[in-house]
Trainee: 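The structure's right below; bear with me while I get my questions together.
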Amino acid sequence: MKKILLVEDNLHNRTVFETALRSHGYDLLIAEDGERALQVVGTYLPDLVLLDLSLPKVDGWTVARTIRANANPQVSSLPIVALTAHAMKGDRERALEAGCNDYISKPVSPRQLARTVAAMVKAA
Amino acid sequence: MQGHVNRRDLRPPVRLSVVMLSCGLAFASALLLAIRHDDDAYAEASRTLLVRELADAQIHTATELLRVPMAIGDEDLVRLVADGLVERDPMLVALRVDLPDGTSIVSGESSSGSEAFVGHVLGPSADVEGMLLGAQTRAGPLRRVGQIEVHVALPAIVSTMPAPPRVVPWVVGLGIAGALGLLLWLRSRLRKLVELAAAVAQGSPTASTRMRGGDEIAWAARRVRGATRVVAKHVEEVEGRNADLLRDVVLKEDRLQRIAAVAATLVAPLQEQTLLRDVVGPLAEECGAGIALMFVTTTGSHALHCEAAHGLERIEHCEPGLVALGLDLEALPDSPTLLHALETDHPWMRDRKVPLSGVAALPLRFGGHLEGLVVFGRREPWTGTDLEFMADIAPPLAIALANLRAYEASVALTYALEQRNDELVRQRDRLEEVDRLRAQFVANISHELRTPLNAIIGYTELVVDECFGPVTEKQQSSLESVLEASHHLLHLVNQVLDLSRAEVGELALEVRECDVLRVARDTAALLQPLTRDRPYKIVVRGTEQRIQTDPERVHQILTNLLNNAIKFTNKGSVAVNVVPRPDGGVALHVEDTGIGIDPSHMELVFEEFRQVDGSTTRTHDGVGLGLAISRRLATALGGSLSVSSTLGRGSTFTLSLPAVVGARADLEPAQGALSRAS
């Protein structure tokens with residue numbers, strides 16, 4: 001079973017993404033802020049990180065950069081998909097620059113999310 | 001002395017000429033006489049000799065050949081010979097000798113006259129030395145009797161006869177000696193003349209070169225000496241004049257140096273007070289003026305105010321003093337003008353006891369404009385040189401004043417420009433800050449709108465997909481409506497963001513070559529469902545039109561236009577006409593037969609958040625952003641969006657696109673902000 005680390009602070013969005021992904025058979029670990037995400041990513045070692053960017057404590061860009069800078073190559077090479085409501089010009093570039101492999105702007109429909117995640121996990 | 005020349009003085013004496021002519025004539029006469037004398041003496045000697053020879057000659061008859069010496073043309077001699085022959089020869093009656101010149105000599109009596117000699121005229125012989133003799137004898141007919149021949153050579157005769165006195169060589173010798181003497185004398189005279197010329201050339205004709213005598217050479221020498229004296233006098237005059245000129249030049253140079261000294265002070269400082277103080281003092285000193293006042297035209301008027309005064313204790317008296325002079329400034333000529341003496345009651349004379357009799361006003365004009373006025377005063381009257389100096393110094397002073405004025409104006413202008421520039425920079429900074437805040441605000445709004453939309457769409461889809469259990473058909477369709485509304489809301493959010501981006505010029509364009517007709521067809525096909533409750537279909541007309549543009553944005557504009565057209569057209573038709581433009585671009589006309597637009601609202605339709613009529617807002621949904629965004633997009637593509645309409649008959653929106661997207665798509669945010677401000 002593929003493991004996904006979902007980093008999302010908004011309860012509703014977290015519920016939607018979680019429900020959608022679990023219904024497609026993924027194993028999910030939820031982090032509500034960036035600090036928590038960084039604490040668990042090394043031990044959990046997911047197949048994919050879905051990362052909101054506006055997060056309490058440690059923001060998503062820092063999370064992405066910190067993961068990429070991790071000494072453990074299994075951690076630093078994790079595929080990260082930014083999942084954010086920052087949809088202005090340049091936001092996509094900023095996310096990729098921080099180390100994300102892909103970028104999905106909110107709102108995203110559960111069907112679309114499932115398709116993207118499937119493609120990413122398969123590729124990884 | 002000079003100029004007028006007495007013609008008589010120019011006529012040389014004739015003494016030498018007369019002497020030489022007389023000597024020549026005397027010599028020639030003497031020579032002729034000597035020749036004649038020598039000839040006569042010679043002839044006489046010859047004749048004497050001939051008679052002696054004849055006496056000795058063995059001539060018996062005339063028939064014998066006569067061989068007697070004789071001189072040519074000596075008729076006497078011939079006659080002598082002929083007579084001698086007639087006497088000796090009894091047979092001879094007469095003898096005739098025909099001479100070469102055609103004459104004849106007849107000796108004896110001729111009985112039968114000249115007839116007797118006919119046939120004996122033997123004619124002049126070609127031989128000039130001999131003559132034929134014809135003779136008539138008593139006995140017989142005429143016969144040839146012989147020939148008189150010059151037989152004896154002249155030198156022989158000469159040698160045998162005593163030498164006659166010869167005068168010619170003596171005369172010739174004397175002539176040569178005389179000529180030599182004359183030549184030597186002339187030579188010495190000429191030498192003296194040359195010495196004189198040399199002395200004249202050296203400029204010192206002395207007494208030693210003086211020539212005495214009344215001859216032509218002495219005359220010429222005297223003339224030269226006279227001319228030398230005249231030249232010397234001329235030289236003296238020229239030298240005198242040169243000295244005058246030199247004095248003039250020195251004076252002029254001095255004046256130029258004084259002008260240069262004043263001019264040097266004109267270029268250094270550029271503050272009026274300093275300039276004028278620095279100039280007026282030296283100027284007064286150069287002129288030898290006791291007082292000097294400089295008045296300057298007040299900028300923007302013709303009034304003069306005193307800027308600097310030299311030799312005046314109280315500056316407050318300057319301007320009243322000028323008024324007291326009663327000058328008509330307009331009537332003043334450009335040259336310095338002499339004024340009446342300043343009496344002790346004049347305002348400038350408060351501290352002075354002696355009147356100033358030399359007062360001169362010097363207007364400073366540049367380009368016909370009176371820049372200022374300088375008044376000089378001193379006890380002595382002004383001289384021409386002083387006035388010339390003033391006239392010379394006026395133009396540079398006027399230029400300096402004009403420069404000063406221009407410089408002050410430029411300084412003021414520069415200051416104003418700097419102020420304006422600072423203000424603009426502040427404005428720009430403020431606008432940039434406003435733009436930054438705005439962008440931040442829009443980004444925040446976008447984020448805050450998207451986050452709940454994500455939840456709404458997500459939950460709804462999950463329910464529809466029965467993730468939370470089965471749903472009824474009624475619930476299903478309701479939830480589909482929720483989804484549709486959510487997507488519409490998302491569309492609106494995107495539109496607002498697009499509008500905001502277009503305003504700050506951040507619109508991202510993806511330009512590539514594409515067929516605009518194809519874009520129009522695809523857009524129409526996508527929007528055909530909107531006409532399902534209308535009695536028409538969208539019609540697209542035209543031919544392939546390939547240009548460089550962003551097809552996505554063209555599609556977006558067309559979608560907006562067609563949406564509107566369908567929204568406001570219940571019956572009739574909606575059509576897109578794709579036509580090429582002369583400049584290589586393309587025009588897309590979206591025509592409808594809808595409600596049309598009131599002419600007074602024609603431009604309002606492109607404003608944000610506006611729908612033409614409050615009453616139509618209720619019957620037609622939308623927030624009124626579509627046309628505003630479309631126009632901004634068209635502008636970003638380098639094109640334009642315009643409308644023509646007849647109220648109640650329909651509207652035509654025209655999107656004009658260039659062949660290649662221009663630079664306008666790359667507008668910087670600040671420029672976008674400025675264009676909005678305007």
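Within every chain, numbering begins at 1; the chains are lettered A, B, ... in the order of the sequence lines, protein sequences first and strands thereafter. Computed over heavy atoms, backbone and side chain alike; hydrogens, waters and symmetry mates excluded. Quick caveat: nothing in here was measured; it's all calculated off a predicted structure.
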Trainee: Please rank B:T460, B:L483, B:V493, B:D465 by heavy-atom pairs under 4.5 Å with chain A and give me the top one.
Mentor: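 Sorted descending by pairs with chain A, the first entry is B:D465.
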Trainee: Side chain, backbone, both or neither: which part of A:S109 has an atom under 4.5 Å from a heavy atom of chain B?
Mentor: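 A:S109 touches chain B through backbone and side-chain heavy atoms alike.
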Trainee: Hey, which of A:L50, A:L55, A:I80, A:I30 is the one that makes side chain to side chain contact (heavy atoms under 4.5 Å, CB included) with A:V7?
Mentor: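 Result: among A:L50, A:L55, A:I80, A:I30, A:L55 is the only option passing the side chain to side chain contact (heavy atoms under 4.5 Å, CB included) with A:V7.
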Trainee: Specify the closest pair of heavy atoms between A:R68 and A:S77, including all atoms of both residues, with the distance to one decimal.
Mentor: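 Closest pair (atom of A:R68, atom of A:S77, distance): NH1-C, 3.9 Å.
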Trainee: Is it the case that B:Q440 and B:N444 place a side-chain donor and acceptor less than 3.5 Å from each other?
Mentor: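 Checked: B:Q440/B:N444 side chains pair up, N/O donor to acceptor below 3.5 Å.
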Trainee: Any idea which of B:I457, B:L490, B:T451 has the most non-hydrogen atom pairs under 4.5 angstrom with chain A?
Mentor: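 Most heavy-atom pairs within the cutoff with chain A belong to B:T451.
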Trainee: Name the option with the most non-hydrogen atom pairs under 4.5 Å to chain B; the candidates are A:R111, A:K106, A:R14.
Mentor: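 Option with the greatest count: A:R111.
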Trainee: Please classify the contact of B:L453 with chain A as side chain, backbone, both or neither, using a heavy-atom distance under 4.5 Å.
Mentor: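 Both parts, heavy atoms under 4.5 Å.
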Trainee: Need one label for B:V464: side chain, backbone, both or neither, based on atoms under 4.5 Å from any heavy atom in chain A.
Mentor: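 Answer is side chain: those atoms of B:V464 sit under 4.5 Å from chain A.
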Trainee: So, does B:Q475 use its side chain to make a donor-acceptor pair with the main chain of B:T472 at under 3.5 Å?
Mentor: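 Yes: the side chain of B:Q475 pairs with the backbone of B:T472.
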Trainee: Would you call A:D33-A:R36 a salt bridge at under 4.0 Å N-O?
Mentor: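 Not counted as a salt bridge, because no side-chain N and carboxylate O are separated by less than 4.0 Å.
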